[in-house]
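Please read all numbers here as calculations on a predicted model, not as lab measurements. The chains referred to below are lettered A, B, ... by the order of the sequence lines, with proteins before strands, and numbering in each begins at 1.
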Protein chains: 2
Amino acid sequence: MKVEEILTAMSNKGLRITEQRKTLAKLFVEHSGYLAPKEVYEHMSKMYPGMSFDTVYRNLRVLHEMDIIEQFMFEEGVKFKLHCHAHDHHHHFICLECENTVPFEFCPMDYVKTVPDGFTPVKHKFDIYGYCDSCRH
Amino acid sequence: MKVEEILTAMSNKGLRITEQRKTLAKLFVEHSGYLAPKEVYEHMSKMYPGMSFDTVYRNLRVLHEMDIIEQFMFEEGVKFKLHCHAHDHHHHFICLECENTVPFEFCPMDYVKTVPDGFTPVKHKFDIYGYCDSCRH
DNA sequence: CTTTATGCAAAGGATTTGCAGATTA
DNA sequence: TAATCTGCAAATCCTTTGCATAAAG
């Protein structure tokens with residue numbers, strides 16, 4: 001996804017394109033891993049000295065509600081990344097060091113044969129954590 | 001795991017066995033699902049009117065550090081459940097309504113054939129969410 | 001010029017910490 | 001008795017909200 005597409009989508013919803021939102025969109029487009037609100041804030045306040053935390057939260061929520069970014073719960077708290085539109089259904093490799101993610105299409109649900117009596121599966125979570133090439137020691 | 005085992009383990013570590021800790025151990029042994037700190041607090045304060053939140057947090061941390069309970073991040077926040085010692089490696093069905101969990105032995109890692117170039121898998125997360133027999137509508 | 005976004009300050013919720021008194025071993 | 005635990009109060013941290021001003025369309 002490109003910065004332009006994100007801004008156009010926001011514009012079409014009647015939202016205003018501010019400098020902060022441009023910077024935020026650019027940040028997510030250029031960063032393939034997860035970002036915590038604090039990391040977003042730190043990045044943004046470099047270019048916007050008066051940047052406030054609530055603007056970060058507000059805009060993260062806007063992007064999340066528009067399905068432009070997705071939310072993920074880590075042990076350390078919430079993080080966000082650009083939503084994957086690439087494949088239909090997929091899962092992720094996530095680097096424990098740099099948190100960059102690589103999608104893959106294999107889905108374990110294709111191999112699950114039996115579920116407990118009377119249990120109705122609705123959704124599932126499958127992620128593989130490890131170290132990517134550059135972060136391996 | 002039985003209440004006695006938990007208390008003995010705590011005792012062996014030089015920790016004191018208080019009424020609150022007995023109640024907490026019993027709660028987790030008798031509840032097969034996840035519990036949020038607030039739920040723990042509510043349960044405990046029924047028997048201990050003066051119960052305080054910090055005691056709940058302190059003891060949850062103690063049990064977690066001793067690997068007696070495990071921590072899991074839900075969208076709504078942290079929750080805890082008794083650590084599964086039953087099988088070696090396993091995953092869970094988790095009911096979205098009552099949050100009770102059922103372990104199963106199938107592991108998707110047995111079926112994952114290729115990982116991205118240079119990626120070293122370390123751990124993984126796989127859970128199936130849905131509705132159990134009694135919570136299905 | 002009308003509407004929406006921002007920054008500020010303040011509020012809210014969850015979790016942690018310091019301390020004196022209560023409780024365990 | 002000596003140690004740890006508890007409840008209280010206060011402190012933090014993270015996130016949200018209300019409001020006046022600034023910026024976008």
Send over the distance from [X] [atom1] to [N] [atom2], rounded to a whole Å.
| X | N | atom1 | atom2 | result |
| --- | --- | --- | --- | --- |
| A:K13 | D:dG25 | NZ | P | 16 Å |
| A:K22 | D:dA23 | NZ | C1' | 12 Å |
| A:F53 | C:dC8 | CZ | P | 14 Å |
| A:L60 | D:dC14 | CG | C1' | 13 Å |

Margin query: Less than 4.5 Å apart, side chain to side chain, heavy atoms only: is that true for B:R61 and B:E65?
Written below: yes
Notebook entry, point to check: Any side-chain heavy atom of B:C98 sitting closer than 4.5 Å to one from B:S134?
Noted result: no
Check: Around B:D110, counting heavy atoms of other residues, nucleotides and ligands shown, do more than 12 lie under 6.0 Å from its CG?
Finding: yes
Note to self: Given 3.5 Å as the limit, does a donor-acceptor pair link the side chain of A:S32 with the main chain of A:T101, or not?
What the structure shows: no
Margin query: Looking at B:N59, is its backbone amide N or carbonyl O close enough to the side chain of B:R21 to form a donor-acceptor pair, meaning the two atoms are under 3.5 Å apart?
Written below: no
Next item on the list: Please figure out whether A:T55 or B:K38 has its closest DNA chain C nucleotide nearer the 5' end.
Entry: A:T55
Notebook entry, point to check: Parallel, tilted or perpendicular for A:F126 and B:H124, by the 30°/60° rule?
Noted result: perpendicular
Checklist line | Sub-6.0 Å ring centroid separation between A:F93 and A:F104 | finding: yes
Next item on the list: Tell me which residues in residues 65-79 of chain A put a heavy atom below 4.0 Å from DNA chain C, sorted by number, or none.
Entry: none
Check: Which parts of residues 40-51 of chain B get close to DNA chain C, meaning a heavy atom less than 4.0 angstrom away?
Finding: none
Item checked: For B:M66, all residues meeting side-chain contact (heavy atoms from CB on, under 4.5 Å), sequence neighbours excluded -> B:A9, B:M10, B:K13, B:L15, B:V62, B:I68
Show each protein N/O and nucleotides 22-25 of chain C N/O combination with a separation under 3.5 Å, one pair to a line.
from	atom 1	to	atom 2	distance (Å)
C:dT24	O2	B:R16	NH1	2.6
C:dA25	OP1	B:I17	N	3.0

Checklist line | Side chain of B:R21 (C-beta onward), nearest among C:dT6, D:dC5, D:dT6 | finding: D:dC5
Notebook entry, point to check: Pick the nucleotide of DNA chain D nearest each of B:S52 and B:G14; which residue has the one closer to the 5' end?
Noted result: B:G14
Notebook entry, point to check: Does A:Y34 share a hydrophobic cluster with B:V122, counting links as ILVMFWY side-chain heavy atoms below 4.5 Å and allowing steps through other members?
Noted result: yes
Note to self: Nearest 0.5 Å, please: how far is NZ in B:K79 from CZ in B:F72?
What the structure shows: 11.0 Å
Next item on the list: Any chance you could measure B:I6, atom CD1, to B:L63, atom CG, to the nearest 0.5 Å?
Entry: 6.5 Å
Taking distance alone, no hydrogens or angles, what donor-acceptor pairs closer than 3.5 Å link side-chain atoms of residues 36-53 of chain A to residues at least two apart or in another chain?
from	atom 1	to	atom 2	distance (Å)
A:E39	OE1	A:A36	N	2.6
A:S45	OG	A:Y41	O	2.8
A:S45	OG	A:E42	O	3.3
A:Y48	OH	A:E19	OE1	3.4
A:S52	OG	A:D54	OD1	2.8
A:S52	OG	A:T55	OG1	3.2

Notebook entry, point to check: Are B:Q20 and D:dG7 close enough that a side-chain N or O sits under 4.0 Å from OP1 or OP2?
Noted result: yes
Give me the distances for all protein-to-nucleotides 17-22 of chain D N/O pairs that come in under 3.5 Å?
from	atom 1	to	atom 2	distance (Å)
D:dT17	OP2	A:R61	NH2	3.4

Next item on the list: Would you verify whether the NZ or CZ of A:K123 falls within 45 degrees of the ring axis of B:Y129 while also being under 6.0 Å from that six-membered ring's centre?
Entry: yes
